[in-house]
Chemist: 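Starting off with a structure, shown below.
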Amino acid sequence: MQDIQSRLYKIEERIEKAAKRAGRNISEIKLLPISKYHSLEKMKVILDGGINEFGESRVQELTDKYDEFDSEVRWHMIGHLQRNKVKYLARRHRCTLIHSVDSLRLAKEINKRSKQEDRVMNILIQVNTAEDDNKFGIYSKEAIELIKKISKLEYVKIKGLMTIAPYSDDPEEVRPYFRKLKELALKVEAIGIENVEMDELSMGMTNDLEVAIEEGATILRVGSGIFGEREYK
Ligand SMILES: *Cc1c(COP(=O)(O)O)cnc(C)c1O
């Protein structure tokens with residue numbers, strides 16, 4: 001478990017250096033450990049390190065783990081979300097932010113289930129910046145129309161945007177996708193849509209977090225860089 005602690009320190013160091021270089025305030029950049037396929041034991045090391053938020057990509061795993069920790073821990077849903085699973089996230093404030101909303105149908109289901117629980121769900125709009133047909137997310141050119149429609153839902157609050165860049169060994173190659181997300185956020189802000197904030201940009205993972213910071217990321221989703229290789233059972 002000591003390896004996790006030292007990996008966490010290393011990631012935090014990389015973030016600090018990159019933020020300094022980019023002239024950004026470290027307090028506006030959140031490191032979100034992605035704990036999918038990782039044990040509770042490993043997650044407890046992170047909690048002891050002073051971080052109490054985790055990202056999961058599957059509803060079942062998120063809710064199982066939710067039950068194992070106390071209410072201080074906050075959970076982010078980062079993976080593709082099926083409408084029939086939304087109810088499990090809305091209940092008991094299990095989820096603090098859903099990063100992966102890319103359709104009105106899904107947003108409406110989140111709205112319905114959140115209303116039943118008398119809560120507002122914070123969401124990000126997932127943008128398919130690479131315009132890869134095999135990936136989830138709305139295309140940039142369709143995003144503003146979608147955001148306008150979702151903004152009318154009372155129990156859903158748009159807090160920003162999320163993207164998953166295509167995998168590359170060279171972080172420079174993903175810079176255009178991050179830049180595109182930031183540009184879209186600025187465009188949305190300029191239009192000024194009621195009930196919509198563009199405070200959060202969820203982008204950057206283990207491989208490319210420096211580039212993401214330079215391009216304006218506020219949430220870094222880091223899995224293997226903290227926990228090591230995922231343990232698929
Ligand atoms: C798994 C996952 C991550 C973390 O990826 P690493 O390369 O392990 O840092 C980030 N974002 C999403 C959407 C993921 O599914």
Side-chain angles (χ1 to χ4, degrees), residues 3-15 18 29-40 42-43 45-46 49 51 53-65 74-82 85-86 89 95-103 106 122-132 134-138 143 159-175 177-178 180-182 200-233:
D3 49 334
I4 293 187
Q5 207 153 42
S6 60
R7 271 196 296 260
L8 176 62
Y9 288 146
K10 267 188 207 133
I11 294 286
E12 286 175 334
E13 242 173 44
R14 281 173 61 192
I15 294 171
I29 303 165
K30 187 205 297 275
L31 169 59
L32 179 65
I34 304 303
S35 47
K36 64 178 186 221
Y37 296 103
H38 292 295
S39 66
L40 302 174
K42 285 180 168 182
M43 293 167 73
V45 179
I46 301 301
I51 295 177
E53 297 188 52
F54 295 104
E56 288 285 342
S57 60
R58 297 176 307 158
V59 171
Q60 181 75 55
E61 191 171 353
L62 188 155
T63 54
D64 285 350
K65 285 175 172 174
R74 297 204 286 175
W75 300 89
H76 295 243
M77 177 63 191
I78 62 161
H80 177 64
L81 181 54
Q82 288 169 319
K85 302 272 177 68
V86 168
L89 291 184
C95 183
T96 186
L97 183 65
I98 301 176
H99 292 226
S100 46
V101 179
D102 61 359
S103 74
L106 176 58
N122 291 326
I123 65 166
L124 304 179
I125 303 299
Q126 181 174 352
V127 183
N128 187 348
T129 47
E131 310 210 337
D132 176 349
N134 300 312
K135 295 270 165 62
F136 293 109
I138 181 107
K159 303 293 269 185
L161 307 175
M162 178 271 226
T163 197
I164 304 173
Y167 181 83
S168 169
D169 283 329
D170 177 9
E172 275 308 320
E173 273 182 21
V174 301
R175 190 184 294 278
Y177 306 110
F178 295 157
K180 204 166 163 186
L181 197 71
K182 174 74 183 189
E200 304 292 356
L201 284 184
S202 169
M203 59 187 195
M205 317 204 290
T206 300
N207 248 8
D208 48 28
L209 63 89
E210 282 87 356
V211 175
I213 289 170
E214 285 164 17
E215 298 301 329
T218 65
I219 303 176
L220 305 167
R221 307 183 308 266
V222 178
S224 50
I226 293 173
F227 293 106
E229 291 295 306
R230 284 184 267 280
E231 304 157 34
Y232 299 104
K233 277 170 217 131

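Counting starts at 1 for both ligands and their atoms, following the listed order.
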Chemist: To which protein heavy atom is atom 12 (C) of ligand 1 closest, and what is the distance rounded to 0.1 Å?
Modeler: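 The closest heavy atom on the protein side is I78 CD1, 3.4 Å.
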Chemist: Would you check if there is a donor-acceptor pair between the side chains of S224 and E229 at a distance under 3.5 Å?
Modeler: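 Judged by distance alone, the side chains do not pair up.
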Chemist: Check whether R58 reaches the backbone of K36 with its side chain - one donor and one acceptor, N or O, closer than 3.5 Å.
Modeler: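 Checking the backbone N and O of K36 against the side chain of R58, no donor-acceptor pair under 3.5 Å is found.
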Chemist: Measure from atom 4 (C) of ligand 1 to every heavy atom in G228, G223, P33 and give the option owning the shortest one.
Modeler: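 Residue with the shortest heavy-atom distance to the ligand atom: G223.
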Chemist: Starting from atom 8 (O) of ligand 1, locate the nearest protein heavy atom and write down its residue, its atom name and how far away it is, to 0.1 Å.
Modeler: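 Sorting protein heavy atoms by distance from atom 8 (O) of ligand 1 puts S224 N, 2.7 Å first.
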Chemist: Could you tell me the residue and atom name of the protein heavy atom closest to atom 9 (O) of ligand 1, and the distance to it rounded to 0.1 Å?
Modeler: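 I find the closest protein heavy atom is T206 OG1, 2.5 Å.
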Chemist: Taking 4.0 angstrom as the limit and counting only heavy atoms of V222, give me the atoms of ligand 1 inside it, by number and element.
Modeler: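 With V222 as reference, the close atoms of ligand 1 come out as 9 (O).
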Chemist: At under 4.0 Å between heavy atoms, is it the side chain or the backbone of I164 that contacts ligand 1, or both, or neither?
Modeler: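 The part of I164 near ligand 1 is the side chain, not the backbone.
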Chemist: Does the S57 side chain pair with the main chain of I78, one donor and one acceptor, at a distance under 3.5 Å?
Modeler: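 Between the backbone of I78 and the side chain of S57 there is no qualifying donor-acceptor contact (under 3.5 Å).
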Chemist: With heavy atoms of R221 as the reference, note each atom of ligand 1 found under 4.0 Å away.
Modeler: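 In order of numbering, the contacting atoms are 4 (C), 9 (O), 10 (C), 11 (N), 12 (C), 13 (C).
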Chemist: Would you mind finding which of Q126, K36, M162 brings a heavy atom closest to atom 14 (C) of ligand 1?
Modeler: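 Answer by nearest heavy atom: K36.
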Chemist: Give the residue, atom name and distance (to 0.1 Å) of the protein heavy atom nearest atom 10 (C) of ligand 1.
Modeler: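 Of the protein heavy atoms, M205 SD, 3.0 Å lies nearest.
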Chemist: Looking only at atom types and distance, does a side-chain atom of K85 sit under 3.5 Å from a main-chain N or O of V59, one as donor and one as acceptor?
Modeler: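 Side chain of K85 to backbone of V59, a donor-acceptor pair under 3.5 Å: no, none is there.
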Chemist: More than 12 foreign heavy atoms under 6.0 Å from CZ of R74: is that the case here?
Modeler: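 For R74, atom CZ is not crowded (no more than 12 foreign heavy atoms under 6.0 Å).
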Chemist: Measure the acute angle between the ring planes of F227 and F54, then classify it against the limits of 30° and 60° as parallel, tilted or perpendicular.
Modeler: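 F227 vs F54 ring planes: tilted.
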Chemist: I'd like to know if the side chain of S100 pairs up with that of Q126 as donor and acceptor (distance under 3.5 Å, no hydrogens or angles considered).
Modeler: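 No.
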